Amino acid sequence: QVQLVESGGGLVQAGGSLRLSCAASGGTFSRLVMAWFRQAPGKEREFVSGIRWSGGRTWYADSVKGRFTISRDNAKNTVYLQMNSLKPEDTAVYYCAAVYSPVVHTRADDYDYWGQGTQVTVSS
């Protein structure tokens with residue numbers, strides 16, 4: 001069983017930056033595909049970014065390309081999401097997700113493990 005714990009959310013002004021962290025335990029981290037999703041009030045959970053176990057390939061939603069960067073440190077069992085040039089529309093609860101898979105999935109249903117979420121609020 002894999003446990004995921006997110007941290008790093010908060011309140012920031014538009015144009016600012018935040019870095020989210022997701023610490024994993026209980027599994028073989030180096031074999032996990034890791035991803036970030038977000039869910040705004042009244043909206044469905046949406047894919048933000050994903051990274052393969054090796055860290056060499058990354059995926060991004062069009063809405064965050066060029067602003068967000070996903071990375072992972074397999075020695076620390078941690079995945080990060082660096083968020084720059086934040087916009088009010090980035091406001092949401094951000095979730096870390098994981099699955100044992102050779103590929104990154106963009107559907108929430110394809111992930112087996114989830115963190116509790118961390119709130120990101122961007123003020124205008």
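Please read all numbers here as calculations on a predicted model, not as lab measurements.
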Side chain proximity check, Leu20 to Val120, heavy atoms < 4.5 angstrom: yes
Lys87 and Asp90 ion-paired at < 4.0 Å: no
Worked check of side chain to side chain contact (heavy atoms under 4.5 Å, CB included) between Trp114 and Cys96: CA-CA 6 Å; Trp114 291 87; Cys96 178; over 6 Å; no
Donor + acceptor pair across side chains of Ser17, Asn84 (<3.5 Å): yes
Disulfide (SG to SG under 2.5 Å) contacts touching residues 56-93 (sequence neighbours left out): none
Donor-acceptor pair, side chain of Arg31 and main chain of Gly27, under 3.5 angstrom: no
Validation row: Tyr80, Arg19 side chains within 4.5 angstrom (heavy atoms): yes
Euclidean distance, Trp36 CH2 relative to Met83 CE, rounded to 0.5 Å: 8.0 Å
Verdict with supporting geometry, Leu81 and Ser49, side chain to side chain contact (heavy atoms under 4.5 Å, CB included): CA-CA 8 Å; Leu81 186 68; Ser49 183; 4.2 Å; yes
For Glu89, all residues meeting side chain to side chain donor-acceptor pair (under 3.5 Å), sequence neighbours excluded: none
Close side-chain approach of Phe29 to Val2, heavy-atom, < 4.5 Å: no
Any side-chain heavy-atom pair of Ile51 and Val104 under 4.5 Å: no
From Thr28 atom OG1 to Asn74 atom CG, the distance as rounded to the nearest 0.5 Å: 11.0 Å
Parallel, tilted or perpendicular: ring planes of Tyr94 versus Phe68, cut at 30 and 60 degrees: tilted
Heavy-atom check, side chain of Val103 versus side chain of Val33, under 4.5 Å: no
Chi angles and distances behind the side chain to side chain contact (heavy atoms under 4.5 Å, CB included) call for Arg38, Glu46: CA-CA 5 Å; Arg38 66 186 181 187; Glu46 65 174 356; 2.6 Å; yes
Value rounded to 0.5 Å, distance of OG in Ser21 from CD in Gln82: 9.5 Å
Side-chain touch Thr91/Gln119, heavy atoms, less than 4.5 angstrom: yes
Cation over ring face, Arg45 and Tyr95, 6.0 Å, 45°: yes
Interatomic distance, Gln3 atom CD to Ser25 atom OG [nearest 0.5 angstrom]: 4.5 Å
Derivation of the side chain to side chain contact (heavy atoms under 4.5 Å, CB included) call for His105 and Phe47: CA-CA 9 Å; His105 302 277; Phe47 175 82; over 6 Å; no
Side chains of Val99 and Met34 in contact at under 4.5 Å (non-hydrogen atoms): no
Between Phe37 and Tyr111, ring centroids under 6.0 Å: yes
Within-4.5 Å side-chain heavy-atom neighbours: Thr78 and Arg72: no
